[in-house]
Asks: 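What follows is a single structure, and I will ask about it in a moment.
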2 protein chains.
Amino acid sequence: MKNDNHPLTEEHKALSEALIGVLDTRFLKALCDPTRIEILKKIISIGVSDVSTIARGLSQDRSVISRHLAQLEQAGITVSRKDGRRVLYDLDGPYIVEKVTKILNTLHPMADLCRPFEGWDGAATLESQRS
Amino acid sequence: MKNDNHPLTEEHKALSEALIGVLDTRFLKALCDPTRIEILKKIISIGVSDVSTIARGLSQDRSVISRHLAQLEQAGITVSRKDGRRVLYDLDGPYIVEKVTKILNTLHPMADLCRPFEGWDGAATLESQRS
DNA sequence: CGTATATGTGCACACATATGCACATAAGTC
DNA sequence: GACTTATGTGCATATGTGTGCACATATACG
């Protein structure tokens with residue numbers, strides 16, 4: 001995007017200010033760790049399970065898995081329910097999809113408004129092609 | 001999602017295995033830091049700019065901003081171009097939107113397949129409502 | 001009631017990351 | 001060529017994070 005003859009529109013301003021509201025760091029950080037991704041895969045594969053079942057097969061200690069599950073729950077990615085001495089965990093698929101959908105909807109104007117170096121040099125741009 | 005009478009379908013398996021391929025940690029991590037988000041906001045607001053211009057107004061040192069820009073470029077979020085002694089940076093909006101779109105498309109089946117504790121207790125589920 | 005199992009937490013430690021300062025390199029200006 | 005400006009990097013440091021062990025708590029079982 002060029003900044004000399006292309007005035008910054010209100011859409012740019014709105015997009016800029018919407019970033020911080022939609023980029024939930026707690027949600028995104030929860031999806032960055034490979035162990036937590038393994039946990040999500042496991043829950044998807046075997047369904048609702050307790051901590052020990054989820055930890056079975058994974059290389060980390062069970063207490064570590066417990067901490068990761070707490071972190072995923074803080075992010076809204078998993079939900080827990082007490083069942084006797086066990087604690088069952090499950091994914092909150094609708095919430096995850098809703099969250100990512102909101103992110104995409106917010107960032108979507110970037111596809112048009114933020115084309116890299118649009119109209120910056122002699123490359124073929126819409127303007128140069130028209131003239 | 002229940003795991004006793006509801007057999008795990010092939011869709012669950014496919015969704016589980018697709019997770020690691022689409023959850024690009026380098027891309028997601030780049031969006032987690034508040035300083036990097038500020039940088040993105042700045043580039044959106046003022047368009048293509050060099051490092052010093054981007055760093056102006058931000059509290060961090062200019063070298064720190066330089067490092068963050070390198071990290072954002074590694075993630076594909078920004079693109080750089082040399083211009084004399086300056087280095088110009090710009091957002092790659094289309095790539096960002098494409099990346100998030102791919103994530104959403106992959107996770108979208110979760111909205112149906114991973115409803116939390118579906119059919120687990122006496123709550124009103126589709127099955128109990130039908131009987 | 002004593003025992004076994006499941007879960008979460010305090011603590012220590014290794015590693016990653018963000019930050020700032022000093023400096024080297026590259027490129028424009030006089 | 002000397003000087004100035006722009007950028008990136010080496011180094012040190014503070015903070016955050018993932019990990020494992022030991023242990024406390026809660027609950028089921030006999």
Side-chain angles (χ1 to χ4, degrees), chain A residues 3 20 23-43 46-75 77-90 117 120-121, chain B residues 3 20 23-43 46-75 77-90 117 120-121:
Chain A
N3 58 9
I20 183 152
L23 260 38
D24 183 356
T25 61
R26 195 165 51 170
F27 179 81
L28 293 177
K29 274 187 178 180
L31 297 176
C32 287
D33 184 79
T35 302
R36 284 192 288 271
I37 298 182
E38 287 300 316
I39 293 176
L40 299 184
K41 288 175 57 180
K42 195 120 182 187
I43 299 182
I46 64 181
V48 173
S49 344
D50 55 90
V51 181
S52 298
T53 304
I54 296 174
R56 192 171 306 142
L58 300 182
S59 56
Q60 279 78 303
D61 192 79
R62 186 191 40 73
S63 66
V64 174
I65 304 299
S66 174
R67 273 187 248 262
H68 281 309
L69 285 168
Q71 202 165 338
L72 288 168
E73 192 170 19
Q74 288 292 320
I77 297 175
T78 60
V79 196
S80 72
R81 178 176 300 189
K82 216 165 182 320
D83 174 56
R85 54 183 165 182
R86 301 185 305 162
V87 176
L88 302 176
Y89 283 89
D90 199 4
F117 295 105
W120 207 254
D121 52 14
Chain B
N3 58 11
I20 183 151
L23 260 37
D24 184 356
T25 62
R26 194 165 51 170
F27 179 81
L28 294 177
K29 275 189 178 179
L31 297 177
C32 288
D33 186 79
T35 303
R36 284 193 287 271
I37 297 181
E38 287 300 317
I39 292 176
L40 298 185
K41 289 175 55 179
K42 195 118 182 188
I43 299 181
I46 65 182
V48 173
S49 344
D50 55 88
V51 180
S52 298
T53 305
I54 296 174
R56 191 171 307 141
L58 299 183
S59 57
Q60 279 77 302
D61 192 79
R62 186 192 40 72
S63 66
V64 174
I65 305 299
S66 175
R67 273 186 247 260
H68 280 309
L69 284 168
Q71 202 164 338
L72 288 167
E73 191 169 19
Q74 288 290 322
I77 296 175
T78 60
V79 195
S80 72
R81 178 176 301 188
K82 218 166 179 322
D83 173 57
R85 53 185 165 182
R86 302 185 305 164
V87 176
L88 302 176
Y89 283 89
D90 198 4
F117 296 104
W120 208 252
D121 51 15

Asks: Distance check needed: C:dT17 C1' versus B:Asp33 CG, whole Å only.
Replies: 9 Å
Asks: Closer to the 5' end of DNA chain D via nearest nucleotide, is it B:Asp50 or A:Arg36?
Replies: B:Asp50
Asks: With sequence neighbours excluded, what pairs up with B:Asp33 under the side chain to side chain contact (heavy atoms under 4.5 Å, CB included) test?
Replies: B:Thr35, B:Arg36, B:His68
Asks: Expressed as a whole number of angstroms, how long is the span from A:Asp83:CG to D:dA26:P?
Replies: 18 Å
Asks: Just call it for B:Thr53: base, sugar-phosphate, or nothing, with non-hydrogen atoms closer than 4.0 Å on any strand.
Replies: nothing
Asks: Determine whether A:Lys41 and A:Glu38 make a side-chain contact, defined as any pair of heavy atoms from C-beta on separated by less than 4.5 Å.
Replies: yes
Asks: To the nearest angstrom, how far is B:Leu69 atom CG from D:dT7 atom P?
Replies: 10 Å
Asks: Does C:dT17 have OP1 or OP2 sitting under 4.0 Å from an N or O in the side chain of B:His68?
Replies: no
Asks: Under 4.0 Å from OP1 or OP2 of D:dG18: is there any side-chain N or O of A:Thr35 that close?
Replies: no
Asks: Ignoring hydrogens and angles, are the base of D:dG10 and the side chain of B:Arg67 linked by a donor-acceptor pair under 3.5 Å?
Replies: yes
Asks: Taking atom C1' of C:dG8 as reference, at what distance in whole Å does atom CG of A:Asp61 sit?
Replies: 12 Å
Asks: What I want to check is whether an N or O donor and acceptor connect the side chain of B:Arg86 with the base of D:dG8 at under 3.5 Å.
Replies: no
Asks: Please tell me which of B:Ser66 and A:Gln60 maps to the more 5' nucleotide of DNA chain D, matching each residue to the nucleotide holding its nearest heavy atom.
Replies: B:Ser66
Asks: Give the rounded distance in Å between these two atoms: CZ of A:Arg85 and P of C:dA6.
Replies: 6 Å
Asks: Using a 4.0 Å heavy-atom cut-off across all strands, classify A:Val64 as base, sugar-phosphate, or nothing.
Replies: base
Asks: Expressed as a whole number of angstroms, how long is the span from A:Gln74:CD to C:dT9:P?
Replies: 10 Å
Asks: I need the A:Ile37 CD1 to B:Leu28 CG distance, nearest 0.5 Å.
Replies: 7.5 Å
Asks: Does A:Tyr89 make a side-chain N or O approach to OP1 or OP2 of C:dA6 shorter than 4.0 Å?
Replies: no
Asks: Looking at every heavy atom in both A:Leu40 and A:Leu31, which two are closest together, and how far apart are they?
Replies: CD1-CD2, 3.9 Å
Asks: Whole angstroms only, please: what is the CZ-P distance between B:Arg26 and C:dA16?
Replies: 16 Å
Asks: So, does the side chain of B:Arg62 form a donor-acceptor pair with the base of C:dG20 at under 3.5 Å?
Replies: no
Asks: Determine: side-chain N/O of B:Gln71 to OP1/OP2 of C:dA18, distance under 4.0 Å, yes or no.
Replies: yes
Asks: Could you check how far NZ of B:Lys29 sits from C1' of C:dA18, rounded to whole Å?
Replies: 13 Å
Asks: Just verifying a value: how many Å separate B:Asp90 CG and B:Ser80 OG, rounded to the nearest 0.5 Å?
Replies: 10.5 Å
Asks: What nucleotide, of C:dT17, D:dA22, C:dA27, holds the atom closest to the side chain of A:Ser63?
Replies: D:dA22
Asks: Tell me which one of B:Val48, B:Thr53, B:Leu69 satisfies side-chain contact (heavy atoms from CB on, under 4.5 Å) with B:Ile43.
Replies: B:Leu69
Asks: Answer yes or no: does a side-chain N or O of B:Lys82 lie under 4.0 Å from OP1 or OP2 of C:dA26?
Replies: no
